[in-house]
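First the structure, in the form of structure tokens, and then the observations on it.
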2 protein chains.
Amino acid sequence: MATIRDVARLAGVSVATVSRVINKTDSVNPETARQVLKAIEQLQYEPNAVARGLAGKKMGIIALILPDILNPFFPALARGVEDVAHKKGLTVILGNSDDLGLKESSYIRVLKKKYVDGFIFASNTIREEDVEALRKEGIPIVLLDRGLNTASCAVIRSNNREGAKLAVQHLIGQGCQKIAHIYGPQEFITARERMLGYEEVAGGLSEYSPSLMVQGNFDMESGRKAIEQLLARHPDLDGIFAGNDLMAVGALKALHERGIRVPEQVKVCGFDGISLTEITEPELTTVAQPVYEMGGLAARILLDEIENGIRENKLIELEAILIPRKSTYKEGL
Amino acid sequence: MATIRDVARLAGVSVATVSRVINKTDSVNPETARQVLKAIEQLQYEPNAVARGLAGKKMGIIALILPDILNPFFPALARGVEDVAHKKGLTVILGNSDDLGLKESSYIRVLKKKYVDGFIFASNTIREEDVEALRKEGIPIVLLDRGLNTASCAVIRSNNREGAKLAVQHLIGQGCQKIAHIYGPQEFITARERMLGYEEVAGGLSEYSPSLMVQGNFDMESGRKAIEQLLARHPDLDGIFAGNDLMAVGALKALHERGIRVPEQVKVCGFDGISLTEITEPELTTVAQPVYEMGGLAARILLDEIENGIRENKLIELEAILIPRKSTYKEGL
DNA sequence: AAATTTAATGTAACCGTTTACATTAAATGA
DNA sequence: TCATTTAATGTAAACGGTTACATTAAATTT
């Protein structure tokens, strides 16, 4: 591999001039520039990213730390991030945190040493102190699905509360009177918001009762278990809004096992819009988050800060939309 | 951040000695070492990975290039790779190639400049020339699901042919007589092998006919379409072996739409073992590849070459196992 | 026409490590 | 006892870029 010095020698100029030509950082005589370009072409020269990184403290890498790429919510996010990054010539490092604050800290420690340009955390457990520390060092961050107390960096999420309201309103529109909610872990702001949206709308129903809410764990199995509890308490419920799709799928399965027919007897709506929802029988109505776009947006905002130093410490909420499918079909439609 | 010079100064030694202590690359007086360690501790010193990378031409990063993380086959692979890498202190760069040789070449070009330690390609389109070029430069590679003509690096895959045989034998065992096969794109060795396995076993059936095989595209939609063709040709078929789970799911849907009951009228078996197969109704029998393990193994082999220079240019085939589920239940079970 | 900018380029320090080579003192061998 | 290893450490040159500062010549200003 040719180095910048080889190019300088061949073009008969100093390395500084070559660097100027490459980075267009300073004026250089057009004729000289032509010589340099010719030499670059001739030697097939490409600047070494590591040397650049050492000098400039930036490796052209962004880190995406998410809980678990196996969770079907995250591949779309990762793809959104990667597509934008790749288009701009950056690469993406992937880290699975398993929602362990410790593992996140460990990624931060390792990746700072590698002069990563910035971080995207799709995580509920990222520590306030870690965020602050990174900010102080001037390392750009974007957060997904995080609370707003951290006003020191951009936060992206979808409008979970409104989305939840859409879901419940839809269930009501399809004729449901007694709608239960399986909510996710309350340390997740997304779970809390969705629950609030549910309460806001379902609270107005005559059949409403707080005991219509049971906790789940955002996974299939917990959706299944939740159904047991719910049916024991309210054998006559006719609608279920699950805090995410995985739990909704679990619910669907549990209902199916009990011979309860969806949507005839009970209608079910999920949240997230992962592709699983098109696989179930019946296909699952869900409130879809624009996950791919969220990833792309996160990357764009991060890159904006990396490249132009533009720092937008705001909360951006994207709209979640309802996708009606068979699991909530009104009888007769 | 403290540098090695700060440490050297504080410990009253030269940077070379500090480096020796850190890397245990040369003998140093135990007492001196203690001083150095004390200074390191005191300054909270951590070696800069980029400077190290520049000096040693290795950044402690491995690149995982796969077709598309959105394809449900790959998250498990990625997780397998990342878990092993993370345990060894390496980080993983993720690239989506969309099975475009060009995009793969582009990743290689960009990542070589970043002194990536090695590559894992889970790809069917990676070019022979690219592999050769990397080999020549001494950059470790591991391939997944690739042909063996490239004998110049380790190749990992599961035993697709045997797996396919398991599938067909299972269908036969469940009473199927006329078993169709939806095969994947023939440029993928995995698809070819599975088809061969199918032929090997199904070819012995009295009802066998080459027209029982139709091409699919490894995605859901193509599985659906394949069913149309197959039913037109053979309305009396009683078993389907799909070349992968996605197509099997498509088939399941198409059969359901036509009111054909699975498994009573037609039994369906997929291949891959992605989690979707637990979601369908009925749950899908499949031949599961140990995807997570394949990723982990790929990473281990790669790391072995990176760290110890041990190069194993062999083909490793892991065993795929049959997971019987409802979609192939024999009547009366 | 002298003084001041501006354009174009070069020199060399710096980013933070690793490592080949040199040096010195202590240990071993003949 | 003198020559030869070996251990312990230091010096300085890589690695391959960027960039502050210096220099020179040409263009502007007054």
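Just so you know, these numbers come straight off a predicted model, no measurement behind them.
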Quick check on [N]: is either OP1 or OP2 less than 4.0 Å from any side-chain nitrogen or oxygen of [X]?
X        : N      : value
B/Thr3   : C/dG16 : no
A/Ser14  : C/dT9  : no
B/Lys113 : D/dG17 : no

Inset, instruction - May I ask you to say what B/Val13 touches in the nucleic acid, namely base, sugar-phosphate or nothing, with a heavy-atom cut-off under 4.0 Å? - result: sugar-phosphate
Inset, instruction - Determine the contact category for B/Glu31: base if any of its heavy atoms lies under 4.0 Å from a base atom, sugar-phosphate if only primed atoms, P, OP1 or OP2 are that close, otherwise nothing. - result: nothing
Report the distance from atom [atom1] of [X] to atom [atom2] of [N], rounded to the nearest whole Å.
X       : N      : atom1 : atom2 : answer
B/Glu46 : C/dT17 : CD    : P     : 11 Å
A/Arg9  : C/dG10 : CZ    : P     : 14 Å
B/Asn48 : C/dC14 : CG    : P     : 17 Å
A/Lys24 : D/dT18 : NZ    : P     : 13 Å
B/Leu54 : C/dC15 : CG    : P     : 14 Å
A/Met1  : D/dG17 : CE    : C1'   : 15 Å
B/Asn29 : D/dT6  : CG    : P     : 19 Å
B/Met59 : D/dC15 : CE    : C1'   : 13 Å

Inset, instruction - Mark yes or no for whether B/Lys103, through its side chain, and B/Asn96, through its backbone, hold a donor-acceptor pair below 3.5 Å. - result: yes
Protein and nucleotides 18-21 of chain C: nitrogen or oxygen contacts under 3.5 angstrom:
| residue | atom | partner | partner atom | Å |
| --- | --- | --- | --- | --- |
| C/dT18 | OP1 | B/Asn23 | OD1 | 3.4 |
| C/dT18 | OP1 | B/Asn23 | ND2 | 3.0 |
| C/dT18 | OP1 | B/Arg52 | NE | 2.9 |
| C/dT18 | OP1 | B/Arg52 | NH2 | 3.4 |
| C/dT18 | OP2 | B/Ser19 | OG | 2.6 |
| C/dT18 | OP2 | B/Asn23 | ND2 | 3.3 |

Legend entry - Residue closer to the 5' end of DNA chain D, B/Tyr115 versus B/Val28 (nearest nucleotide): B/Val28
Legend entry - Any donor-acceptor N or O pair under 3.5 Å, side chains A/Gln289, A/Asp272: yes
Inset, instruction - Please check if any side-chain donor atom of A/Asn160 sits under 3.5 Å from a side-chain acceptor atom of A/Thr190, or the reverse. - result: no
Just wondering, are more than 12 heavy atoms of other shown residues or ligands nearer than 6.0 Å to [atom1] in [X]?
X        : atom1 : result
A/Glu307 : CD    : yes
B/Glu137 : CD    : yes
B/Gln44  : CD    : no

Inset, instruction - For the pair A/Arg34 and A/Glu31, find out whether any cationic side-chain nitrogen is under 4.0 Å from an anionic carboxylate oxygen. - result: yes
